[in-house]
Amino acid sequence: MYQGTNASSGIGIGTAVIVEEAELVIKREAVVDAEAEVKRFQDALEQTMKDTEALAADLATRVGEKEAEIMQGHLMLLMDPMLTGEIENTIKNEVICSEYAVEQVCTMYADVFAAMEDELMQQRATDMRDIKTRIQQVLMGVSSVDISALPAGSILVAKDLTPSMTAGINPAHVAGIVTELGGKTSHSAILARALEIPAVVAVKDFMSLVKNGDQVILDGSEGLVFVNPDEKTAAEYQEKRDCLLKEKKELEQYIGKPTVTSDGVSIELVANIGKPEDVEKVLQYDGEGVGLFRTEFLFMDRTAMPTEEEQFEAYKEVAEKLAGKPVIIRTLDIGGDKEIPYMGLKKDENPFLGYRAIRLCLDRKEDIYRPQLRALLRASAYGNIKIMIPMVTCIDELREAKALIAEIKAELDREGIEYNRDIQVGIMVETAAASLMADVFAKEADFFSIGTNDLTQYTMSVDRGNDKISYLYSTFNPAVLRSIKHIIACGREAGIMVGMCGEAASDPMMIPLLLAFGLNEFSMSASAILRARKLITGYSTSELQAVADKAMSFATAKEVEEYMKSFVG
Ligand code: PEP
Ligand code: MG
């Protein structure tokens, strides 16, 4: 068994097909006619651009516009006059062949990008090497590996997949992908997820551990790979895969059904998203809206802050696509474990207790918060947008944010720009302080959304990412459960909606407790929605009261978990 990074979930079972690009041997050759050589380069460049455009168009129809943008990015590089000018100058000045000039210039840029810390720049290095090879292949008349022609049931194995190789994949034939290099956010991983192909990346030395024709099983959720597994393992994973596929099929019957408990309590079942394109999955899995749009993703993977206009377009797109369904957009939550290099933030001693989320936004109103709030208010004219403030600890933070919103509303009035005057402003309840003061917050916030990922961390004083102390990180700990119950009770008492957008909202063992406590809204990853609908519609909230009472009578997380496990079965 080999461990890698889980890049795209699901179980893949099939036969290894090793994909290796033929090593191109590039020599420094002198040419007689430099002008003719430049023309040869330009022709090859044109052909590469045509091929790339075709790939982009194919991706746009098969996968999605966003994925096609990766190829559009390659096109931009191919059209960059700085790059092509430098290659042409190298050919002319050194009177050398195009292949070598391309090698020299592209490698130089790729190395510069690769040396930068920013992940986006690292990706640029991969893109640059990818286009370099493709221009050289055209020049040398070598065709690249045709992944679209792989036989059904192939597990694609490669050192690293270039984005253009991944783009050519036919998901009907590729049962899984394993690579030696790459990361969760590499373009190939993003494409694998979009194509819903299970993938494990960064499996050390994997190319030397597998050969063509080997049987391979991969678990894309756990990041595990087995080569020629024993019968027991093979049977176990076959069963796991069959179960997953069967469950997926069965759950489809819940599409279009209302989320109502058996005693008639209506629940809002909504999704967590990070980018506008995630809305496609929300609609596919019949989400009733968005309960958490983590806007920090709009700020990541780039070299400068998104402008008010760019943010407006993104928020508007989500609001419009959800056509009147609620869309809760959380204002920027960076700091903690989420870093953004171009913002120039100093490393905090205690990042999770430091300069993060609303603290940072209120400190940087002019360059960060005002443009985001303006974009949100402007977009509110196009759908049912609600604003949510993260990591609130004191009522002053909510008041200050609301005062800024009021200021911007007056500004928009003066400018004659439309917005929703009654836009709701709620908070994430995810700190111990906000939980203890929930009755006070409930009077001034329009809604609550419980962020159990952080609430557990801040209640238990346990870093949510530290393996050594992860035994303390349990939402079933009675302290966390009491906090959740209290927050819901305070919100209900004040008549505001109380939702939950932390991971606990989709936990089958937690759902009965949350229903008994009176939670109104459950927000989770889109792919978890139908299973949650099935569970919720099967429960009666009144019958669950006794279960919740019993669960709350225990003193340890272990006892609660064991009890809930036996209840859920
Ligand atoms: C949470 O803390 O539960 C939450 C949903 O927010 P994040 O995971 O982005 O901190
Ligand atoms: Mg949080």
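Each ligand, and each atom within it, is numbered from 1 in the order the structure gives.
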(message) Please list the nearest protein heavy atom to atom 1 (C) of ligand 1 with its residue and the distance rounded to 0.1 Å.
(response) N453 CB, 3.4 Å
(request) Could you give me a count of protein N/O/S atoms that are under 2.8 Å from the Mg ion (ligand 2)? (result) 2
(request) Please say whether the positively charged group of K365, taken as NZ for Lys or CZ for Arg, lies over the ring of Y369, i.e. under 6.0 angstrom from the six-membered ring centre and within 45 degrees of the axis. (result) no
(request) Between L292 and ligand 1, find which residue part has any heavy-atom pair under 4.0 Å and reply side chain, backbone, both or neither. (result) side chain
(message) Can a side-chain donor-acceptor contact be found between S221 and N6 if the only test is distance below 3.5 angstrom?
(response) no
(request) Please find out if less than 6.0 Å separates the ring center of F448 from that of F441. (result) no
(request) Please determine, by modelled atom types, if T475 and T452 share a side-chain donor-acceptor pair under 3.5 angstrom. (result) no
(message) With a heavy-atom distance limit of 4.0 Å, tell me whether M391 approaches ligand 1 through its side chain, its backbone, both, or neither.
(response) neither
(message) Under 4.0 Å from a heavy atom of E430: which atoms of ligand 1 are those, numbered in the order shown and with their elements?
(response) 1 (C), 2 (O)
(message) Please determine whether the number of non-hydrogen atoms from other residues, nucleotides or ligands lying under 6.0 Å from atom CE of M552 exceeds 12.
(response) yes
Contacts under 3.5 angstrom, residues 374-394 side chains, donor-acceptor by atom type, not counting sequence neighbours:
residue: R374; atom: NE; partner: E308; partner atom: OE1; Å: 3.0
residue: R374; atom: NE; partner: E308; partner atom: OE2; Å: 3.1
residue: R374; atom: NH1; partner: E411; partner atom: OE2; Å: 2.7
residue: R374; atom: NH1; partner: E415; partner atom: OE1; Å: 3.4
residue: R374; atom: NH1; partner: E415; partner atom: OE2; Å: 3.1
residue: R374; atom: NH2; partner: E415; partner atom: OE1; Å: 3.0
residue: R378; atom: NH1; partner: E308; partner atom: OE2; Å: 2.7
residue: R378; atom: NH1; partner: E309; partner atom: OE1; Å: 3.2
residue: R378; atom: NH2; partner: E309; partner atom: OE1; Å: 3.3
residue: R378; atom: NH2; partner: E309; partner atom: OE2; Å: 3.3
residue: S380; atom: OG; partner: L377; partner atom: O; Å: 2.5
residue: S380; atom: OG; partner: N420; partner atom: N; Å: 2.8
residue: N384; atom: ND2; partner: G324; partner atom: O; Å: 3.4
residue: T393; atom: OG1; partner: E397; partner atom: OE1; Å: 3.3
residue: T393; atom: OG1; partner: E397; partner atom: OE2; Å: 3.4

(message) As an exercise, identify every atom of ligand 1 less than 4.0 angstrom from a heavy atom of C501.
(response) 5 (C)
(request) Answer yes when D286 and R533 have at least one side-chain N-carboxylate O distance shorter than 4.0 Å, and no when they do not. (result) yes
(message) I'd like to know if M524 contacts ligand 1, where contact means a heavy-atom distance under 4.0 Å to any ligand atom.
(response) no
(message) Can you pull out every side chain to side chain donor-acceptor pair (under 3.5 Å) where at least one residue sits in residues 501-514? Sequence neighbours excluded, please.
(response) none
(message) Under a 3.5 Å cutoff, is there a donor and acceptor pairing between the side chains of D363 and Y355?
(response) yes
(message) For M428, which part has a heavy atom under 4.0 Å from ligand 1: side chain, backbone, both, or neither?
(response) side chain
(message) Checking the N or O distance criterion of under 3.5 Å, is ligand 1 in contact with E296?
(response) no
(message) Does the residue R356 have a heavy-atom contact with ligand 1, meaning some pair of atoms that are separated by less than 4.0 Å?
(response) yes
(message) What I want to check is whether the side chains of Y315 and Q311 have a donor and an acceptor closer together than 3.5 Å.
(response) yes
(request) Starting from atom 6 (O) of ligand 1, locate the nearest protein heavy atom and write down its residue, its atom name and how far away it is, to 0.1 Å. (result) R330 NH1, 3.0 Å
(message) Closer than 4.0 Å to some heavy atom of D454 - which atoms of ligand 1 meet that?
(response) 1 (C), 2 (O), 3 (O), 10 (O)
(message) Evaluate T452 for polar contact with ligand 1, using N/O atom pairs at a separation under 3.5 Å.
(response) yes
(message) Which residue and atom name correspond to the protein heavy atom nearest atom 8 (O) of ligand 1, and how close is it?
(response) R464 NH2, 2.7 Å
(message) With salt bridge (Lys or Arg N to Asp or Glu O under 4.0 Å) as the rule and sequence neighbours excluded, what pairs involving residues 541-557 come up?
(response) none
(request) Identify whether the distance between the nearest side-chain nitrogen and carboxylate oxygen of R124 and D127 falls below 4.0 Å. (result) yes
